[in-house]
**Student:** 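Got a structure here, written out as structure tokens. Questions coming.
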Amino acid sequence: MCQFLLGHGNTMTSQALLLSRMAPLGMLLVLLMASCFTFCLSHQNLEFALTNPEKSSSKETERKQTTAEEELDPAVLEVFHPTHEWQALQPGQAVPAGSHVRLNLQTGTREVKLHDEDKLQNKLKGSKKGRRLDINTNTYTSQDLKGALAKLKEGAATGHAEKDKARQAEVKRLFRPIEELKKDFEELNVVIETDMQIMVRLINKFNSSSSSLEEKIAALFDLEYYVHQMDNAQDLLSFGGLQVVIHGLNSTEPLVKEYAAFVLGAAFSSNPKVQVEAIEGGALQKLLVVLATEQPLTVKKKALFALCSLLRHFPYAQQQFLKLGGLQILRSLVRAEGTEVLAVRVVTLLYDLATEKMFAEEEAELTQETPSEKLQQYRQVHLLPGLREQGWCEITARLLALPEHDAREKVLQTLGALLATCRDHYRQDPQLRRALASLQAEYQALAALELQDGEAEGYFRELLGSVNSLLAELR
Ligand SMILES: *[C@@H]1O[C@H](CO)[C@@H](O)[C@H](O)[C@H]1NC(C)=O
Ligand SMILES: *[C@@H]1O[C@H](CO)[C@@H](O)[C@H](O)[C@H]1NC(C)=O
């Protein structure tokens, strides 16, 4: 996918350049390519700036941060080193220019290898006519590039003299003012697409019956990047794109369901306008159907992620969720074998919903104003009684047996939030008492070690505090 059909030498001007991103970083990419490709090709060296093997720790927050469910973490960029064999690409890894990327439909992973040199040469020879530099930025996000460029700068500042001087010059050149860059692009006859145009193109690709499954998944994969931005997600509404993606949940292809849910989770997140439209468009029912039916775990994970994004801070959706039997569906989900990962996420969601409502009430009390419409809606979300009736007191308590500390942390939090609702139940639950006592002993020991290391307010001490206060409440 990352195809570079380049001409030799400096004949750039005749090449139409299709760039998929409007962002300045996209421009930088083009320049990077433009300035690099002569070098890259004439030296048969397909490595360029992005191949720095160290992890980039760039903590850019241009992409809206979503919740922990989101699995592609743009903050952690690893650069992948392709060989001549296909290798699986992990989420968030950047791929050096000249690599060939494909989607493995069996595993759902992206795979990468080097372009065979001779094939590349053939392509170059064969593409004299109507030459076109087709930069498909599928495999990069502007985040990746920023990270890589920052790394490159860093390297230039600290590394070996000769090579790094060249790099430094390169970096300086890349950071030329935007105006200057624009002029360059005009000269190069570059086509730059806006985010909106890109999204329309991706939606059309996904919606077209002539697209292959691989193309559809790739379109969703790319779309996910764009809808993180609130404006983009709202623009998706304007041309019916959101509905097309929601309809993707209805697909018979698990991968389409998975990636559609992935896009929706990103689009809903903290975006009320999109959440409202999604509820009207039937997204909630479709997500619940996915969660209630037999699906691969990866599909359920993403569907749960989308559900969480849809419900958070949206009491109307929470009401609908309860009405549609959402709690029963989640209960079946967490009771199934091998779904502990999902169980912790479900419990976290319930905790968030319970505390969200509580905060809304507290805030109203403090301000002494007449209840807002939102608060009135929260008051119609009867979550806690539903939880008790459906056995969530017990389900949550059993999850304390999970071995991971962070999972237990979530469970302890949730037990605390359910205390008022579940107290009687908990008092008569010897298994819970035993589990808490055992955790108490474990965290006393760990907190003592922590203290020895000079950490008075450590993580384990905090966990121990939660355990202790639960035990005190159950006395
Ligand atoms: C998607 O495809 C259907 C049928 O081919 C068409 O009616 C619809 O307008 C398309 N939607 C978008 C947003 O392109
Ligand atoms: C697809 O969605 C329609 C309504 O939008 C629904 O009637 C139908 O049952 C769904 N099909 C599947 C396979 O879920």
Side-chain angles (χ1 to χ4, degrees), residues 65-70 269-270 301 304-305 307-309 311-315 318 321-322 326-327 330-331 333-335 339-363 378 381-427 429 431-444 446-447 450 455 457-475:
Q65 288 298 316
T66 49
T67 48
E69 289 91 338
E70 197 211 343
S269 181
S270 313
K301 261 189 191 171
L304 185 59
F305 164 53
L307 179 71
C308 292
S309 293
L311 296 184
R312 286 208 172 99
H313 302 290
F314 189 13
Q318 295 170 18
F321 166 76
L322 294 177
L327 283 180
L330 293 185
R331 188 176 56 185
L333 195 63
V334 303
R335 279 183 173 167
T339 55
E340 287 79 9
V341 189
L342 293 181
V344 174
R345 290 179 185 188
V346 166
V347 161
T348 306
L349 172 65
L350 298 177
Y351 170 78
D352 288 349
L353 298 185
T355 48
E356 213 178 83
K357 179 175 175 174
M358 204 177 68
F359 285 139
E361 290 281 4
E362 278 177 6
E363 199 181 305
Y378 271 121
V381 180
H382 304 295
L383 176 69
L384 291 174
L387 288 177
R388 188 177 47 211
E389 282 157 28
Q390 291 178 30
W392 284 95
C393 298
E394 196 194 356
I395 293 170
T396 311
R398 292 297 86 85
L399 289 174
L400 269 188
L402 289 173
E404 301 86 9
H405 298 301
D406 56 344
R408 291 170 179 174
E409 183 188 6
K410 296 276 169 24
V411 177
L412 287 168
Q413 269 178 354
T414 311
L415 287 172
L418 293 181
L419 197 59
T421 310
C422 298
R423 194 189 304 266
D424 293 344
H425 188 99
Y426 289 161
R427 284 195 166 140
D429 184 349
Q431 200 179 338
L432 172 63
R433 203 176 290 272
R434 277 198 302 275
L436 285 171
S438 139
L439 288 183
Q440 189 180 40
E442 183 178 343
Y443 287 129
Q444 270 167 351
L446 288 170
E450 223 170 35
E455 213 173 330
E457 310 275 321
Y459 178 63
F460 294 122
R461 191 188 152 86
E462 205 176 294
L463 289 183
L464 178 62
S466 306
V467 172
N468 285 341
S469 58
L470 275 173
L471 277 170
E473 291 282 353
L474 298 189
R475 227 167 257 141

**Student:** Which heavy-atom pair separates Leu384 from Ala354 by the least distance, and what is that distance?
**Tutor:** CD2-CB, 4.3 Å
**Student:** Within this structure, what is the CD1-CZ distance for the pair Ile395 and Arg331, rounded to the nearest 0.5 Å?
**Tutor:** 6.0 Å
**Student:** What's the shortest heavy-atom distance between Ala397 and Asp429, and which atoms?
**Tutor:** CB-OD2, 4.1 Å
**Student:** Evaluate the side-chain contact (heavy atoms from CB on, under 4.5 Å) criterion for residues Leu402 and Glu340: first the C-alpha distance (whole Å), next the side-chain angles of each, then the deciding distance (0.1 Å), finally the verdict.
**Tutor:** CA-CA 8 Å; Leu402 289 173; Glu340 287 79 9; 3.6 Å; yes
**Student:** Side chains of His425 and Glu394: closer than 4.5 Å at any heavy-atom pair?
**Tutor:** yes
**Student:** Nearest 0.5 angstrom please: Gln413 CD to Thr396 OG1, how far?
**Tutor:** 12.5 Å
**Student:** I'd like to know whether CD of Gln390 has more than 12 heavy-atom contacts from other residues, nucleotides or ligands below 6.0 angstrom.
**Tutor:** yes
**Student:** With Val467, which of Leu400, Leu415, Leu439 fulfils side chain to side chain contact (heavy atoms under 4.5 Å, CB included)?
**Tutor:** Leu439
**Student:** Does the pair Thr339 and Leu333 meet the rule for a side-chain contact (heavy atoms from CB on, under 4.5 Å), with working shown?
**Tutor:** CA-CA 7 Å; Thr339 55; Leu333 195 63; 5.5 Å; no
**Student:** For the pair Leu418 and Tyr426, evaluate side-chain contact (heavy atoms from CB on, under 4.5 Å) and give the outcome as yes or no after the intermediate values.
**Tutor:** CA-CA 10 Å; Leu418 293 181; Tyr426 289 161; 3.9 Å; yes
**Student:** Flag the pair Leu383 / Tyr378 as yes when at least one side-chain heavy-atom distance between them is below 4.5 Å, and no otherwise.
**Tutor:** no
**Student:** Quick check for you: to the nearest 0.5 Å, what is the distance between Ser466 atom OG and Leu471 atom CG?
**Tutor:** 11.0 Å
**Student:** Would you compute the distance between atom CD of Glu473 and atom CZ of Arg423 and round it to the nearest 0.5 angstrom?
**Tutor:** 4.5 Å
**Student:** Take the angle between the ring planes of Tyr443 and Phe460 and call it parallel below 30°, perpendicular above 60°, tilted in between.
**Tutor:** parallel
**Student:** For residues Glu356 and Phe314, report the shortest heavy-atom separation together with the two atoms involved.
**Tutor:** OE1-N, 4.2 Å
**Student:** State, with a plain yes or no, whether a side-chain heavy atom of Thr414 is found less than 4.5 Å away from one of Trp392.
**Tutor:** no
**Student:** Give, for atom CG of Leu463 and atom CD of Gln444, the distance between the pair rounded to the nearest 0.5 Å.
**Tutor:** 13.0 Å
**Student:** What verdict does the side-chain contact (heavy atoms from CB on, under 4.5 Å) test give for Leu304 and Leu307, after you've listed the backbone C-alpha separation in whole Å, the side-chain angles of each residue and the deciding distance to 0.1 Å?
**Tutor:** CA-CA 5 Å; Leu304 185 59; Leu307 179 71; 4.2 Å; yes
**Student:** Determine whether Arg345 and Lys301 make a side-chain contact, defined as any pair of heavy atoms from C-beta on separated by less than 4.5 Å.
**Tutor:** yes
**Student:** Judged by atom type as modelled, is there a donor-acceptor pair below 3.5 Å linking the side chain of Ser438 to the main-chain atoms of Arg434?
**Tutor:** no
**Student:** Is any side-chain heavy atom of Leu387 closer than 4.5 Å to a side-chain heavy atom of Thr421?
**Tutor:** no
**Student:** Answer yes or no: does atom CD of Glu455 have more than 12 heavy-atom neighbours from other residues, nucleotides or ligands under 6.0 Å?
**Tutor:** yes
**Student:** Would you indicate whether the side-chain heavy atoms of Leu399 and Arg408 approach each other to under 4.5 Å?
**Tutor:** no
**Student:** Kindly indicate whether the side chain of Leu436, heavy atoms from C-beta on, has any atom under 4.5 Å from the side chain of Leu474.
**Tutor:** yes
**Student:** Of all the heavy-atom pairs spanning Arg427 and Arg433, show the shortest one and how long it is.
**Tutor:** O-NH2, 3.4 Å
**Student:** Measure the spacing between CG of Leu330 and CG of Leu350 and express it to the nearest 0.5 Å.
**Tutor:** 6.5 Å
**Student:** Tell me, please, which residues at least two apart from Arg461 pass side-chain contact (heavy atoms from CB on, under 4.5 Å).
**Tutor:** Ala447, Glu450
**Student:** Quickly, which of Arg312, Lys410, Lys357 forms a salt bridge (Lys or Arg N to Asp or Glu O under 4.0 Å) with Asp352? Name it, please.
**Tutor:** Arg312
